[in-house]
J.: 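One structure, as structure tokens, below. Some questions next.
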Amino acid sequence: MGNTGEAVGELPEKRVTWAELYFDLIFVFAITQVSGLLHHRHDPVGIVQALVVFVPVYWCWVGTTVQANIRDVDTARDRLGILAVGFTGLVMALAVPGAYGNRGVLLGAGYWAARVVLLFLLVRVPGVWRGPYGVGVLVSGPLLVAGGLLPEGPRVCLWALAARSARPSTWSRRTTAPSPTSATPSWTWPAWSR
């Protein structure tokens, strides 16, 4: 036992901040909107369309959750960052019902803005541009915005490509388990790109 009554090697308890709870609530709303797509069209095409729209929402949630778990996010800068990503999540959620109509660009812009905020929050981490946060800003975000400008068929194809590029294993391989006390990224460029 250490001086604080914790066993040696144990991490102190990490409490969830109000900003994180707000953020999670926004993404619950976004998932509800995605399920609304399935309610209106539950054939194979509707399932694919819902899945393609779900992926960017999911990766914004995962990126923020990972960032919040590996760092202490109880600073003003990080709280504002989480609130900003929450706002972009709200933009994405409001765009989902019309994602295959006139709100496609809004969905892509919301995702891209969220990834820019997340990258900004982690900009001091060495090599962050080479991992999923950089890929979100440089590849999948622009593809989602460009896809929003296209008609439905090509839009789904470009958005599916963006979803595939946002997947961490597409660009990297996990080299170590993430540590809640380490800000060092646990990913590297894949062997084929070196």
Side-chain angles (χ1 to χ4, degrees), residues 22-67 81-123 128-173 187 189-190 192-193:
Y22 170 76
F23 166 81
D24 284 341
L25 185 60
I26 293 290
F27 278 87
V28 166
F29 175 59
I31 297 304
T32 303
Q33 294 286 76
V34 172
S35 70
L37 287 178
L38 285 173
H39 175 73
H40 294 294
R41 187 169 182 178
H42 44 273
D43 60 348
V45 172
I47 291 170
V48 168
Q49 286 180 338
L51 184 61
V52 166
V53 169
F54 168 76
V55 169
V57 171
Y58 175 75
W59 280 120
C60 282
W61 179 80
V62 166
T64 307
T65 303
V66 167
Q67 187 264 349
I82 288 174
L83 289 174
V85 175
F87 177 74
T88 64
L90 182 60
V91 168
M92 289 171 58
L94 294 172
V96 165
Y100 292 101
N102 60 353
R103 294 188 193 161
V105 172
L106 193 58
L107 179 77
Y111 173 82
W112 199 2
R115 299 309 281 193
V116 167
V117 171
L118 287 170
L119 185 64
F120 172 74
L121 292 173
L122 295 169
V123 75
V128 74
W129 280 95
R130 294 188 314 252
Y133 293 99
V135 170
V137 170
L138 299 174
V139 180
S140 57
L143 286 174
L144 280 169
V145 171
L149 297 169
L150 299 174
E152 186 176 331
R155 178 179 297 184
V156 173
C157 292
L158 198 55
W159 280 359
L161 180 63
R164 177 72 175 126
S165 72
R167 189 168 166 246
S169 65
T170 302
W171 293 89
S172 62
R173 61 179 169 78
W187 32 261
W189 279 106
W192 57 263
S193 66

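Note that this is a predicted model, so its numbers are computed, not measured.
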J.: What is the minimum heavy-atom distance between G147 and L158, and which atoms define it?
T.: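 Residues G147 and L158, closest heavy atoms: N-CD2, 3.4 Å.
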J.: Between Q33 and P97, what is the shortest heavy-atom contact and its length?
T.: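 What the structure gives for the nearest pair is NE2-CG, 3.2 Å.
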J.: For the backbone of V135 and the side chain of R115, can you confirm whether one donor and one acceptor N or O come within less than 3.5 Å of each other?
T.: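 Here the side-chain-to-backbone pair does not exist.
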J.: Could you grab the distance from atom CZ of F27 to atom OH of Y58, nearest 0.5 Å is fine?
T.: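 These two atoms lie 12.5 Å from each other.
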J.: To the nearest 0.5 angstrom, please state how far the CH2 atom of W61 sits from the CG atom of D24.
T.: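 Nearest 0.5 Å value for the CH2-CG distance: 7.0 Å.
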J.: Please report the C-alpha distance between V137 and F120 in whole Å, then the side-chain angles of each, then the deciding distance to 0.1 Å, and finally whether the side-chain contact (heavy atoms from CB on, under 4.5 Å) criterion is met.
T.: CA-CA 10 Å; V137 170; F120 172 74; over 6 Å; no
J.: Once salt bridge (Lys or Arg N to Asp or Glu O under 4.0 Å) is applied, what residue pairs with a partner in residues 57-66 remain, sequence neighbours excluded?
T.: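 Salt bridge (Lys or Arg N to Asp or Glu O under 4.0 Å) check on residues 57-66 returns no pairs.
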J.: Quick one, Y100 with V52, criterion side-chain contact (heavy atoms from CB on, under 4.5 Å). Give me CA distance, side-chain angles, the key distance, then yes/no.
T.: CA-CA 11 Å; Y100 292 101; V52 166; 3.8 Å; yes
J.: Indicate yes or no: at least one non-hydrogen side-chain atom of V96 is less than 4.5 angstrom from one of F29.
T.: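 No, side chains not in contact.
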J.: Evaluate the criterion side-chain contact (heavy atoms from CB on, under 4.5 Å) for residue pair W112 and L144; output intermediate values, then yes/no.
T.: CA-CA 8 Å; W112 199 2; L144 280 169; over 6 Å; no
J.: How long is the gap from CH2 on W59 to CZ on F54, to the nearest 0.5 Å?
T.: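 W59 atom CH2 to F54 atom CZ measures 10.0 Å (nearest 0.5 Å).
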J.: Just verifying a value: how many Å separate Q67 CD and T64 OG1, rounded to the nearest 0.5 Å?
T.: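 So the gap between those two atoms works out to 7.0 Å.
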J.: Can you give me the closest heavy-atom contact between A162 and S140, atom names plus distance?
T.: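 Here A162 and S140 meet closest at O-CB, 3.4 Å.
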J.: Could you state the interatomic distance from CG (L107) to CG (L94), rounded to the nearest 0.5 Å?
T.: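 Going from CG on L107 over to CG on L94, the span is 11.0 Å.
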J.: Is there a donor-acceptor contact under 3.5 Å from the side chain of Y111 to the main chain of G136?
T.: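 No, Y111 side chain to G136 backbone: no donor-acceptor pair under 3.5 Å.
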J.: Work out which heavy atom in V91 is nearest to a heavy atom in G110; give both atom names and the distance.
T.: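 Closest heavy-atom pair between V91 and G110: CG1-CA, 4.3 Å.
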J.: Run the side-chain hydrogen bond (donor to acceptor under 3.5 Å, both in side chains) test against N102 and tell me which residues pass, sequence neighbours left out.
T.: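 Testing N102 for side-chain hydrogen bond (donor to acceptor under 3.5 Å, both in side chains), a comparison that skips the adjacent residues, returns none.
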J.: Taking only residues at least two apart or on different chains, which pairs with a member in residues 36-64 satisfy salt bridge (Lys or Arg N to Asp or Glu O under 4.0 Å)?
T.: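 For residues 36-64, and leaving out neighbouring residues, the salt bridge (Lys or Arg N to Asp or Glu O under 4.0 Å) pairs sorted by first residue read R41-D43.
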J.: Closest approach of V128 and L122, non-hydrogen atoms and distance?
T.: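 Looking at all heavy atoms of both residues, the shortest contact is CG1-O, 3.5 Å.
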J.: If you round to the nearest 0.5 Å, how far is CG of L121 from CD1 of I82?
T.: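 So the CD1 of I82 and the CG of L121 are separated by 7.5 Å.
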J.: What are the two closest heavy atoms between G63 and L118, and how far apart are they?
T.: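 Residues G63 and L118, closest heavy atoms: C-CD1, 4.0 Å.
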J.: Is there a side-chain contact (heavy atoms from CB on, under 4.5 Å) between T88 and C60 once you walk through the steps?
T.: CA-CA 9 Å; T88 64; C60 282; 5.6 Å; no
